[in-house]
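Every chain is numbered from 1, with letters handed out A, B, ... down the list of sequences. Remember, predicted model here, so these are calculated numbers, not experimental data.
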Amino acid sequence: MIRMLAVLLSLLSSALVAAPVVAQQEPVKIGLIQPLSGPVAASGNYIRMGAEIARDWINARGGVLGRQVQLLVEDNKSDPKEAATAAEKLIVRDKVPVIVGAWGSSMTLAAMPKLEEYGVPMVVETSSASTITRRGNPWIFRISPPSEMEALGLEKYLKDFGIKQADFLAVNTDWGRGAAAAFGDVLKKSGSSVGATEFMDQAATDMNAQITKIKSGSGDTLFLTTSVEQITLVLKQAQEQRLARKVITTGGSSAPSQLIKQAGPAADGTYHILFFLPWFPEAMPDAKLAKAFVEEWNKRGYPFDGLTEGFRGHDGVLTAVEGVRLAGKADPKAVQQALWKVDVMGLNGPIKFEKDGPAGKESGQSKPSIFIVQIKDGKIALPGFVAKK
Amino acid sequence: MRWLGLGALLAVTATAPFWVWNPYHLHTLIMAGIFAVLALSLNLLLGYTGQLSLGHAAFFGIGAYATALLTVKLEWSPWLGLLAAVALPAAAGFVIGRLALKLRGAYFVLLTISFAGVISLISVNWTELTNGPPGLPGVPALEVALPGLPALSLRSKAAYYYLVLTAVGLADLLCLGLMRSRVGRALVALRENETLAESVGIDGTHYLVLAAVISAGMAGFAGGLYAHYTRYVSPEVFLFSYTVTMVIMVVAGGKGTLAGPIAGAVIFTVLPEALRAVTSWQWQMLAYGAFLIAVLYFMPRGIVPTLRDLGRRP
Amino acid sequence: MDQLLQHLLNGVLLGATYSLLGIGLTLIFGLMNVVNFAHGEFYTLGAYAVFAALYGTGLSFFAAIPLAIAVGALAGATCERVLLRPLRGESIDTVMLVMIGVWIAMQNAELIGWGGVAKSVPAPFSTAPLVLGPVSVSPLRVFVFAVSILVILAAHLLLAHTRLGRAMRATFQDRETAALMGVRIERIHTITFAFGAGLAAAAGALLGPVFLLYPSMGDLASLKAFSVVILGGLGNFAGAALGGLVLGVAEELGAGYVSSGYRDAVGFAIIVTVLLLRPSGLFARAERVG
């Protein structure tokens with residue numbers, strides 16, 4: 001009796017979910033999976049904001065294929081299981097022809113089997129693990145750089161930095177570990193040596209032990225890979241311990257203007273690898289687009305610090321919609337074929353996919369542009385050697 | 001009347017893939033089934049011995065990793081992997097049970113939390129073994145290969161649903177059989193009054209260890225099922241939120257009963273998905289928390305026992 | 001040697017904050033037997049209260065701290081009165097689950113209210129570090145350390161030498177007798193919970209400027225608090241205070257000399273060792289734990 005009630009209860013709730021969505025054949029639906037709650041909620045929300053700006057601009061220009069674009073936003077709660085479920089819901093229930101997501105590499109990896117199961121492409125906007133494009137999943141199209149590509153982008157500046165021995169302090173996730181490994185390889189190839197490689201838990205707030213250890217070594221440069229909150233804490237604690245090193249942050253999540261506000265003088269002199277420069281839109285490949293994006297972002301009252309990540313949402317949606325346009329219809333398989341033909345200018349730079357991974361099942365990988373800035377006297381500046389090139 | 005109800009229930013769940021037309025809903029039911037096995041395993045410890053384990057996600061995760069590592073790195077058959085998914089966590093459960101020895105109550109809870117914490121850190125840091133944060137993608141699907149017939153891959157949702165349903169049924173029967181046996185009676189005696197039970201010769205530690213081993217093995221089995229369904233295992237399986245979810249399912253469903261954890265698993269797996277459909281992402285978790293508080297406030301003994309009492313009232 | 005000294009200093013400073021977190025929880029968990037998973041949320045509440053006071057009402061940092069403690073205590077009292085009192089007598093895990101619900105609700109309310117972007121609280125101290133020979137430390141952390149010690153001492157005095165403190169200890173030692181002696185049991189429960197929550201809020205208020213404020217900042221704090229409580233022995237106030245320091249130093253040395261990735265494992269390893277060898281805590285007299 002009770003079991004029957006239990007099952008009925010559950011069936012009832014299933015029915016709630018099954019309630020048919022009002023048939024809206026009109027808009028083209030683009031799925032967006034991001035961490036909107038949990039420890040990295042800020043980043044996920046910035047990307048959502050950037051995606052919404054792209055959607056509004058596209059709709060203002062008439063949409064795509066004569067139809068308006070609708071963004072369906074799902075929260076992956078920083079949990080791979082949720083990312084996979086969100087992908088399934090978007091594909092099966094909402095019938096999206098393309099998805100943008102899913103921020104963290106493990107979230108993206110978890111969603112990938114679903115993409116293959118149903119045959120729906122996904123534009124990867126942030127994840128950095130190299131395995132994502134090497135697994136032989138032809139439904140993946142990544143516009144963010146894997147750590148190896150990012151490290152290679154630094155290669156041409158290595159002589160200007162003059163690094164003899166570098167230490168690494170990275171967040172203990174695949175992003176941090178991948179960056180430490182990739183940059184370490186590039187440094188070793190160009191003749192520098194690698195000192196200590198320390199890690200910090202994603203939620204850690206006290207990194208004094210790691211800093212003390214690094215300080216006792218003989219490195220001259222510290223590579224820092226983590227989110228802006230932890231960078232702030234590391235810089236403040238490094239200042240407390242008088243760690244006098246060159247600091248280079250990687251990964252593009254350093255939000256330097258937020259650093260200046262929250263770390264103050266501790267952030268002075270630090271370098272940052274970024275993929276979008278909201279302070280120097282004129283230095284971006286498409287200056288007009290960059291300027292317009294920054295203005296629109298500010299007009300909506302979004303936090304300025306979010307621009308260094310929000311652009312990813314814009315470029316992701318831009319790419320996805322372009323795929324739909326080239327396909328001529330909102331059909332996932334057609335969009336997947338069309339994505340190979342995409343050749344647009346995003347906020348970061350040109351977006352065009354090359355084959356990556358095992359033959360016959362390649363994923364798409366674009367070659368993003370990499371930029372470096374420095375914090376000098378409380379302001380963001382282009383380092384001298386960068387401005388010259 | 002009871003048998004009619006049970007029969008109807010069986011008919012409904014057995015034919016689900018035929019009338020649950022939406023694969024997304026079937027996916028939800030499959031996840032609910034996996035969590036039902038997990039909840040039953042936790043219930044074995046919590047409901048029948050009274051000891052709360054807040055590290056059960058560790059057994060779940062060890063099971064998932066065991067089968068994932070064996071099938072991906074050593075290319076074992078997934079069925080052997082599932083076997084390992086039961087055996088390895090069971091061994092861990094044995095260790096925990098024996099280590100805990102005389103620990104009860106809050107002390108036992110904290111031991112289990114610490115155990116889970118250490119295992120979680122190992123999965124992230126011991127990259128040579130577990131591949132670290134990127135996890136293990138490409139876990140193969142289960143296949144049924146009977147001699148003479150072509151291999152039937154259990155990739156399709158309907159097939160996997162039946163596998164999970166069977167697992168839930170087996171777990172349920174195992175718990176039922178255990179409870180009706182001498183072991184079960186001993187466990188209940190220990191839960192009600194340990195000193196008294198020991199005075200009549202029931203060895204508390206022996207039975208606690210037994211319960212821990214079976215409970216851990218069952219949780220590991222759920223982990224194995226999870227690994228071969230989602231085909232991706234990463235350190236996030238050790239997230240504390242999994243343990244929290246399990247505990248919610250058992251306690252809110254009704255601990256100490258057999259239907260409670262299953263009902264809890266179904267309700268609390270379907271609920272977040274239902275919320276996903278009706279509220280925007282900002283309010284989902286808040287609504288979830290509020291619902292949980294409300295359930296516990298009005299039905300502190302759990303949903304199933306409360307409904308059962310209501311049913312009994314003349 | 002210099003490195004060791006710096007590590008020890010780091011550990012002691014960190015440990016004081018762990019102590020502050022632990023003493024509040026040892027009252028709630030140790031005395032009231034409530035597995036308070038929302039402890040970290042009262043910590044977070046204290047931090048955000050300071051933020052709100054500084055930016056909303058323009059209070060000074062030093063005035064904001066007692067305000068934050070009051071906010072935390074009030075929230076704790078409300079929680080106890082509304083949720084825990086009706087459920088008194090229910091099993092420990094039902095109550096635990098309610099606190100989990102409170103944890104989820106509070107954290108997501110904060111996410112909605114303050115947003116996920118980290119906020120910083122400016123501290124009225126210079127950021128230039130104080131150099132003491134081979135080691136350096138920021139003035140802010142010295143302040144936090146000093147205030148933590150003061151708060152711990154004040155709490156200890158309240159518990160050990162006031163009537164209220166005696167009433168609290170009596171209630172949890174032997175409820176019926178205490179009631180017979182005229183102690184208002186229900187009120188004591190509310191006050192004890194509020195006291196514990198207030199201490200957690202104090203930790204949050206003090207640590208806000210040291211770290212950053214974001215909705216999930218309490219999760220790690222909860223976990224550390226539980227470690228400290230076990231180390232010191234459930235309900236053992238002095239034990240928790242000392243246990244916090246032990247944990248802080250152990251973590252620092254572990255992260256510095258063993259492995260930074262396994263840093264948190266130190267805390268867990270300590271718990272497991274203590275539980276197996278001396279379950280009533282490092283500083284308690286032997287007692288029944290089963």
- Message: Measuring only between side-chain heavy atoms, which start at C-beta, is C:F268 closer than 4.5 Å to B:L121?
- Response: yes

- Note on the structure: Okay, C:I112 and chain B: the region with an atom under 4.5 Å from a heavy atom over there is side chain

- Task: Please report the shortest heavy-atom distance between C:A109 and B:L286, naming the atom on each side.
- Result: N-CD1, 3.9 Å

- Query: Under 4.5 Å between any side-chain heavy atoms of C:F37 and B:L54, yes or no?
  - Reply: yes

- Would a 4.5 Å heavy-atom cut-off, applied to side chains only, mark B:Y297 and C:L83 as touching? yes

- Message: Other residues, nucleotides and ligands only: do more than 12 of their heavy atoms fall within 6.0 Å of CZ on C:R187?
- Response: no

- Take atom CZ in C:R169; do more than 12 heavy atoms of anything else shown fall under 6.0 Å from it? yes

- Any side-chain heavy atom of C:L223 sitting closer than 4.5 Å to one from B:I113? yes

- Do you know which of B:I293, B:V295, B:L292 has the most heavy-atom pairs with chain C at a distance under 4.5 angstrom? B:I293

- Can you find a heavy atom in the side chain of C:M96 that is under 4.5 Å from one in the side chain of B:V251? no

- Query: Below 4.5 Å, heavy atoms only, C-beta onward: do C:N108 and B:Y288 meet side chain to side chain?
  - Reply: no

- Residue part contacting chain B, namely of C:V95, when any heavy atom lies under 4.5 Å: neither

